[in-house]
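Structure below; questions to follow.
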Amino acid sequence: MKRKKYDLTALKKRTFQVIEVGYMEDEMSRLYDIINVLAIVVNLLASVLMTFAGVRERFEGALLLVESVTVLFFAADYVLRVFTAEYKYPDRKPGRAALSYMVSFAGIVDLLSFLPYYLPIFFPAGAVAFRMFRIIRIFRLFRINAYYDSLNVITEVIVAKKQQLLSSVFIIMVLMLASSLAMYSLENPAQPEVFSNAFSGIWWAASTLLTVGYGDIYPVTAGGQFLGMVIAFLGVGVVAIPTGIISAGFVEQYQKLSASGRILEEQELQFIRVPVKAKDAWAGLAVSELPLPKGAVCGLIQRDNEILMPERELELEPGDKVLIFAESIRDAYSHALKKITLTETNPWCGTRIRDLDISRLTYIVAVRRNGHTIIPKEDLTIKAGDTVFLYSRTHLPEAEEITI
C-alpha cells in the first residue's frame, strides 16, 4: 500500500515538472513546452482560417479536426494542472491548492479554452452563445510569456507600472466626461438631436481625444469648433501618457538587467558533496582541522534538514554532508555555481525572490546573511550584504533542497 502511495506521489511530482516551464536538461518537459505552444498557435490559426469562406469550404473538415485535437489537449492540460496544483502552491493543502489554481486568471483562461467547445453537447440551445466564449482561447497566448524571458519583460513592465497606467486611464476618463459636458452645453441648442444629453457626446469625446476622429458627430457652432480643436490638441498629450509610461518601464527594466551584471561581484565555483560516515576520519573533526587540498574551501554543511555555516570550531558529525567549493573548470560549465555578493546599489536589494529579474534557467540555492545560511523561499527579501548562491543549469525539484 505504501509503495503505491509513493509511486502516485512521485508520478504527480514528475507530472508537475513536465507540464511546468521546462529546462534544457529535462527533454520531456521541453518537449511538452513546445507542444503546448504549437497547440495554442495552431488552434488560433485554425480559428482565423475558419472565418474565410473559401478556406472553410475546402478545408472545413481538416480545420475542425485540428480544433478538436487542440481543444482535447487543452482539456488534458487543465486536468493535469489541477492534479498537480499542490506543487504549484506547496504551502496549501491539495484541495485548497487545486481551488487556488482554478480561480486564478490562468486557471479560468485554461478552463474557458476548452469548456465552451464541449458545452453544446449538453446544452444544444446555447451553441451560438458558447461559441462566442471560444475567443477567450486567445488569452492562452500569455502562457508563451513563461517560456521566454524577453516576453516576460512585457508583463513585468505592465505590473510594475499598473498604478501609473491606472492614473493615466483615470485622467482620460475625467477629460472625456468633461469634454462631453462642455460640448453638450455648446452644441445642444444647435444640434438637439445629436447632442441630446450630457452623455451623448461621450462617443465624440472618445474619438477626438484618442485622435481617431470618425466625423460622424461634430460641432457646428463656433464655440463648439474651438473647443473641439482644444480637445484634439489635448488628445495628443493624453494618448502619449500611457505610451510614455510603458516606454520608460521598458528602459528601466532593461537597465536593471544590465546593471545586475555590472554591479554584482561574481565568482564561478565548482562544488562536490562529501557525506560523513561514522567511521570516516572527518567525523569529530572541526572545520579548521579538515585536510582540504589547496584551493578548496568548505562552503556549507548539511545536517538533517538544517544548513550550517562552516565556522572554524564546528565539529562534523556522522550523517553530515559537506559541500566543498573549488575553482571552476571551463569544460564543466554545466556544473557551475555562482557566488554573488550584493552591494547597496544593487537593484535586487529589498526585492523578494519571486520578483527578481533572473532567467528562468536560474535557481537560488542558498542565501548567506550575517553568518547564517537561509534556505530560499519565494517571500524571502534579499538585502544588501547578502551572499547569494545561484545554480543555473540543473533542475531543482524543490526550492528547499540543495541538489548536487
Side-chain angles (χ1 to χ4, degrees), residues 13 90-91 260 263-330 332-346 348-354 356 358 361-404:
K13 186 174 182 180
D91 57 332
S260 298
I263 297 173
L264 297 183
E265 184 181 344
E266 300 186 358
Q267 178 184 0
E268 288 192 3
L269 302 172
Q270 285 290 313
F271 60 97
I272 60 173
R273 183 182 63 177
V274 179
V276 179
K277 300 180 181 179
K279 297 181 179 181
D280 289 345
W282 284 18
L285 292 181
V287 171
S288 58
E289 299 172 344
L290 295 180
L292 297 175
K294 184 178 180 181
V297 178
C298 180
L300 298 172
I301 298 174
Q302 292 179 269
R303 178 172 295 171
D304 297 328
N305 294 324
E306 291 186 80
I307 302 295
L308 306 177
M309 288 307 299
E311 299 177 0
R312 290 179 57 82
E313 304 304 322
L314 178 65
E315 293 186 358
L316 300 183
E317 298 177 0
D320 288 351
K321 297 179 180 63
V322 182
L323 275 69
I324 299 175
F325 299 86
E327 291 184 0
S328 175
I329 302 174
R330 290 185 179 181
Y333 176 75
S334 60
H335 301 285
L337 178 74
K338 290 187 177 181
K339 176 183 176 183
I340 304 175
T341 301
L342 278 66
T343 62
E344 290 285 349
T345 55
N346 192 307
W348 288 9
C349 295
T351 305
R352 293 180 302 178
I353 286 181
R354 68 170 67 177
L356 289 180
I358 57 178
L361 296 178
T362 300
Y363 274 92
I364 295 178
V365 296
V367 177
R368 185 177 180 181
R369 178 181 299 167
N370 299 327
H372 300 283
T373 299
I374 305 172
I375 295 295
K377 295 183 179 180
E378 289 186 343
D379 293 325
L380 177 65
T381 300
I382 304 296
K383 299 180 180 180
D386 287 351
T387 298
V388 182
F389 294 92
L390 298 174
Y391 187 58
S392 60
R393 290 292 181 175
T394 298
H395 174 65
L396 301 179
E398 297 180 9
E400 293 79 12
E401 298 177 1
I402 298 178
T403 303
I404 307 303

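Computed from a prediction, not measured in an experiment: that's the story for all the values here.
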Item to complete: Would you name the heavy atoms of Ala278 and Ala283 that are closest together and state the gap between them?
Response: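 Shortest heavy-atom contact: O-CB, 4.0 Å.
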Discussion item. Which residues pass the salt bridge (charged side-chain N to carboxylate O under 4.0 Å, His left out) test with Glu315, not counting sequence neighbours?
Written reply: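 Not a single residue meets the salt bridge (charged side-chain N to carboxylate O under 4.0 Å, His left out) criterion with Glu315.
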Worksheet entry | Closest contact, heavy atoms only, Asp386 versus Arg369 |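 Smallest interatomic distance, heavy atoms only, reads OD2-NH2, 2.7 Å.
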Worksheet item: Quick one: does Trp282's side chain get under 4.5 Å of Val274's, heavy atoms only?
Response: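 Yes. Closest side-chain heavy atoms under 4.5 Å.
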Worksheet item: Just how far is it from atom CG of Asn370 to atom OG1 of Thr387, taken to the nearest 0.5 Å?
Response: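 The distance works out to 10.0 Å.
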Worksheet entry | Non-hydrogen side-chain atoms of Asp280 and Leu316 separated by less than 4.5 Å |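 Not touching, per the 4.5 Å side-chain cut-off.
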Discussion item. Are the side chains of Leu290 and Leu285 in contact, using a 4.5 Å heavy-atom criterion?
Written reply: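 Side-chain contact under 4.5 Å: yes.
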Worksheet item: CD1/Ile324 to CG/Leu292 distance, rounded to the nearest 0.5 angstrom?
Response: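 One finds 5.0 Å between CD1 of Ile324 and CG of Leu292.
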Discussion item. To check you understand the geometry: which heavy-atom pair defines the closest contact between Gln302 and Leu323, and what is its length?
Written reply: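 Looking at all heavy atoms of both residues, the closest pair is OE1-CD1, 3.5 Å.
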Discussion item. Applying salt bridge (charged side-chain N to carboxylate O under 4.0 Å, His left out), can you list everything that pairs with Arg352, at least two apart in sequence or on another chain?
Written reply: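 By the salt bridge (charged side-chain N to carboxylate O under 4.0 Å, His left out) rule, Arg352 matches Asp355, Asp379.
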